[in-house]
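Predicted, not measured: the structure shown is a model, and the values here were computed from it.
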Amino acid sequence: MNATTNTAMNRRGLLAATAATGLTLAPVSFARAEDRPGPEGPRRTRTVRGTLPVGAPDYVYLPVDVPRGVAELAVSYAYDRPPVPPGTQGNALDIGLFDERGTALGGRGFRGWSGGARTSFFVRSDAATPGYLPGPVRPGTWHIALAPYTVAPEGLPYEVTITLRFGEAAPAPAPVHPPERAKGRGRAWYRGDCHVHSVHSDGRRTPAEVAAAARAAGLDFINSSEHNTTSAHAAWDGLWGDDLLILTGEEITTRNGHVLAVGTDPGVFVDWRYRARDHRFGRYAHQVRRAGGLVVPAHPHATCIGCAWKFGLAEADAVEVWNGPWTPDDEVALAAWDNTLVAAVRDRSDGDGDGDGRPGRWLPAMGNSDAHREPDRVGHPQTVVLAESLSRRAVLAGIRAGRSYLAESAALSLSFAAVDGRGRHAGIGQRLRAAADAPVTVRLEVSGAAADCTVRLVTDQGVLLTTPLPASGAGVVEWRTTPAHAAYVRAEVRHAPSVPGLPGAFAALTNPVFLDADAGTAG
């Protein structure tokens with residue numbers, strides 16, 4: 001085994017700055033390496049060692065000169081994890097791969113990402129480690145991406161071993177992607193979880209186990225959302241059916257927050273290598289929409305390093321306010337989302353500047369499980385969408401329009417609407433236009449809730465009604481208001497508080513019904 005050592009990042013000649021993608025180490029060459037026999041053909045191996053200091057760039061690229069005749073490229077790596085005092089960051093090093101087409105942002109060179117989920121991977125024409133894309137190992141300069149997530153005060157020593165196997169490449173199978181439509185029930189409420197993980201990123205379930213868990217949870221659709229890779233898009237063959245629509249997407253995991261690409265075209269990769277200060281997110285949000293998908297910031301107020309959303313909501317199509325079991329992070333996300341609803345209706349005379357007197361653009365809420373492994377529950381929570389069919393286009397249209405509510409399980413169902421004295425009706429995500437002082441009745445029907453649940457009705461003025469549900473978990477709540485008194489109404493179903501004085505965890509949450517006051521009426 002031959003070794004190359006890069007002992008310091010600032011050594012002359014070792015690093016070259018690349019404005020778009022970080023820093024590049026000195027290349028690894030196999031030109032003089034001797035072939036070693038292996039069960040599948042001759043092999044050549046190189047090992048590189050180095051240390052990344054505190055303040056290392058987000059992405060450091062190790063170039064590998066790949067000669068002709070390589071059938072498989074394999075990489076393994078390790079790094080030191082010294083103990084650190086409480087409150088001090090330790091070492092964490094992510095890894096990925098780009099082929100001879102380069103590392104340019106948004107380019108075609110992406111071949112895989114495993115973050116910190118595994119210590120080795122391979123790619124070849126007919127197969128690859130989950131998280132990586134199969135395909136030919138063409139000659140040229142490939143790049144191993146090293147991404148120091150956190151670095152201990154004494155630095156991050158690492159070791160990367162690259163092995164090339166020579167021989168004939170196997171035929172590459174054509175990828176099979178999920179269909180865009182399932183049988184469904186026509187126009188109906190469909191239940192889905194748009195944030196799930198498998199072994200193709202940092203999950204522990206196989207795609208088959210994820211699909212089985214989705215069916216067991218009573219879901220109609222899921223979205224494949226692996227961290228920074230599309231490798232799972234072709235891993236669902238045989239797992240969809242008349243009862244389960246599988247959308248393809250990605251969890252775009254930047255250093256300034258995570259965002260779900262929901263329902264993008266299969267195989268579309270969206271880059272993640274930028275921060276908010278780089279002013280690049282808009283470009284990739286547009287790419288998601290060009291690929292037919294939705295842009296949904298995930299767990300926007302999570303406290304893990306790099307998880308809190310810092311790109312703003314101007315490019316979002318919806319926002320994930322409920323992520324897995326209810327936590328204080330979700331309570332903060334809910335309050336922040338409610339503030340966006342207030343902002344959308346703040347100027348009742350002309351909320352969006354078009355002179356029609358209606359509130360401006362608003363962002364629907366979503367709830368997803370972010371399930372990775374047992375005991376994470378796929379479908380807890382879930383987004384229940386009114387869609388014209390169980391199809392990619394119809395489901396995404398329902399989410400985008402806010403025709404949805406969030407529930408902790410398929411056992412819980414809601415009906416929520418407002419009606420005025422003339423019989424005009426508006427459901428979740430819709431608008432009821434009436435005189436400012438016209439009586440409006442808001443009606444919530446709940447079934448399948450737990451015995452300890454309470455209903456809260458929330459408007460732009462705050463919580464205006466709190467009432468317990470019957471012990472059966474089913475009931476009807478009616479409340480009267482006017483457009484002058486409530487610009488929107490949304491419903492919450494909460495469990496009894498586990499901490500006195502704090503709100504209980506959610507059982508369900510609706511997107512709002514808007515009450516638009518006719519211009520020129522009393523109010």
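- Smallest separation of non-hydrogen atoms from Ile399 and Met366: CG2-SD, 3.8 Å.
- The cationic atom of Arg283 (NZ for Lys, CZ for Arg) does not lie both less than 6.0 Å from the six-membered ring centre of Phe281 and within 45° of the ring axis.
- Heavy atoms only, all atoms of each residue included: Pro178 and Ile246 are closest at CB-O, 3.4 Å.
- Atoms CG and OG, on Asn228 and Ser201 in that order, are 9.0 Å from each other to the nearest 0.5 Å.
- In terms of modelled atom types and a separation under 3.5 Å, the side chain of Arg289 and the main chain of Glu315 share a donor-acceptor contact.
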Exercise. When you look at Trp142 and Val137, which way does the side-chain contact (heavy atoms from CB on, under 4.5 Å) test go after all the steps?
Worked result: CA-CA 9 Å; Trp142 291 50; Val137 183; 3.8 Å; yes
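- Neither side chain, Ser76 nor Thr119, offers a donor N or O lying under 3.5 Å from an acceptor on the other.
- Using a distance-only test at 3.5 Å, with no hydrogens or angles considered, no donor-acceptor pair links the side chain of Ser125 to the main chain of Pro136.
- Under the 4.0 Å criterion applied to side-chain N and carboxylate O atoms, Asp58 and Arg275 are assigned as salt-bridge partners.
- Proximity of a side-chain donor or acceptor of Asp80 to a complementary backbone N or O of Pro82 within less than 3.5 Å is not detected.
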Side-chain donor-acceptor pairs of residues 291-311 under 3.5 Å, sequence neighbours excluded:
residue, atom, partner, partner atom, Å
His299, NE2, Glu251, OE2, 3.4
His299, NE2, His258, ND1, 3.4
Trp309, NE1, Gly312, O, 2.7

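- Listed for the Ser391 side chain is a donor-acceptor partner under 3.5 Å among the backbone atoms of Ala394.
- Taking each heavy atom of Pro207 and His200 in turn, the nearest pair found is CG-CD2, 4.0 Å.
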Exercise. Given Arg273 and Thr103, is the side-chain contact (heavy atoms from CB on, under 4.5 Å) satisfied, shown in steps?
Worked result: CA-CA 10 Å; Arg273 294 170 294 157; Thr103 61; 3.9 Å; yes
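- With a 4.5 Å cut-off on side-chain heavy atoms, Ile95 and Trp113 do not count as touching.
- Judged purely by atom type and a 3.5 angstrom limit, Thr129 uses its side chain to pair as donor or acceptor with the backbone of Phe122.
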For this session: Check the pair Arg204, Glu209 against salt bridge (Lys or Arg N to Asp or Glu O under 4.0 Å), reporting the backbone distance first and the verdict last.
Result: CA-CA 9 Å; Arg204 293 293 179 267; Glu209 290 169 334; over 6 Å; no
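- Residues forming a side-chain contact (heavy atoms from CB on, under 4.5 Å) with Ala411 (at least two apart in sequence, or on another chain): Ser409.
- Ser29 and Asp65 share no side-chain donor-acceptor pair at under 3.5 Å.
- Within a 6.0 Å radius of CZ in Arg373, more than 12 heavy atoms belonging to other residues, nucleotides or ligands are found.
- Annotation for Ser404 and Ala365: closest pair OG-O, 4.1 Å, computed over non-hydrogen atoms.
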Problem set entry | Check against side chain to side chain donor-acceptor pair (under 3.5 Å), Gln382 and Asp193 | CA-CA 5 Å; Gln382 54 196 247; Asp193 188 345; over 6 Å; no
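- Note that OG1 of Thr254 is 6.5 Å distant from OH of Tyr274, once rounded to the nearest 0.5 Å.
- Proximity of a side-chain donor or acceptor of His233 to a complementary backbone N or O of Gly267 within less than 3.5 Å is detected.
- Note that OG of Ser225 and CG of Leu260 are 5.5 Å apart. Values are rounded to the nearest 0.5 Å.
- The 12-atom threshold is exceeded at CZ of Arg138, counting heavy atoms of other residues, nucleotides or ligands nearer than 6.0 Å.
- Residues Cys194 and Phe221 meet the side-chain proximity criterion, which asks for heavy atoms closer than 4.5 Å.
- In this structure, the separation between CG on Leu363 and CG on Asp317 is 8.0 Å, given to the nearest 0.5 Å.
- Annotation: side chain of Leu406 is in contact with side chain of Val321 (closest heavy-atom distance under 4.5 Å).
- Under a 3.5 Å cut-off, the side chain of Arg181 and the backbone N or O of Arg393 do not form any donor-acceptor pair.
- Of the possible polar contacts, none joining the Thr264 side chain to the Ala261 backbone as a donor-acceptor pair under 3.5 Å is found.
- In this structure, Arg124 is not positioned above the aromatic face of Tyr132 in the sense of NZ or CZ being under 6.0 Å from the six-membered ring centre and within 45° of the axis.
- For the pair Arg205 and Glu374, the salt-bridge criterion is met [side-chain N within less than 4.0 Å of a carboxylate O].
- When side chains are defined from C-beta on, Val268 counts as touching Gln287, because their heavy atoms get closer than 4.5 Å.
- With Tyr149 contributing its side chain and Gly115 its backbone, the two residues share no donor-acceptor pair below 3.5 Å.
- Classified by interplanar angle (parallel below 30°, tilted 30° to 60°, perpendicular above 60°), the ring pair Phe110/Phe269 is parallel.
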For this session: Could you please spell out the steps behind the side chain to side chain donor-acceptor pair (under 3.5 Å) verdict for Ser224 and Thr248?
Result: CA-CA 5 Å; Ser224 178; Thr248 55; over 6 Å; no
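- If you check the side chains of His495 and Glu408, you find a donor sitting under 3.5 Å from an acceptor.
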Exercise. What's the verdict on side-chain contact (heavy atoms from CB on, under 4.5 Å) for Asp370 and Asp376, showing C-alpha distance, side-chain angles and the deciding distance?
Worked result: CA-CA 8 Å; Asp370 199 2; Asp376 298 351; over 6 Å; no
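- Ring pair Phe506/Trp322: centre-to-centre distance below 6.0 Å.
- The side-chain heavy atoms of Tyr284 and Leu105, taken from C-beta on, include a pair separated by under 4.5 Å.
- Residues His372 and Asp202 bring a donor and an acceptor atom of their side chains to less than 3.5 Å of each other.
- A salt bridge between Arg191 and Asp220 is absent, with no side-chain N of the basic residue lying under 4.0 Å from a carboxylate O of the acidic one.
- Shown here for Val196 and Asn223, the closest heavy-atom pair between the two residues is CG2-O, 3.4 Å.
- Lys183 has no carboxylate O lying under 4.0 Å from a charged side-chain N of Asp243, or vice versa, which leaves the two without a salt bridge.
- Within the model, atoms CG of Leu146 and CG of Leu25 stand 7.0 Å from one another, a figure rounded to the nearest 0.5 Å.
- In this structure, the side chain of Glu226 engages the main chain of Ser198 through a donor-acceptor pair within 3.5 Å.
- Rounding to the nearest 0.5 Å places NE2 of His227 at 10.0 Å from CG of Asp94.
- Side-chain contact, Thr163 with Thr45: a donor N or O sits under 3.5 Å from an acceptor N or O.
- Comment: Asp265 engages Arg392 in a salt bridge, judged by a side-chain N to carboxylate O separation of less than 4.0 angstrom.
- Summarising the geometry of Thr141 relative to Pro63, their closest heavy-atom pair is CG2-CB, 3.8 Å, with the distance given to 0.1 Å.
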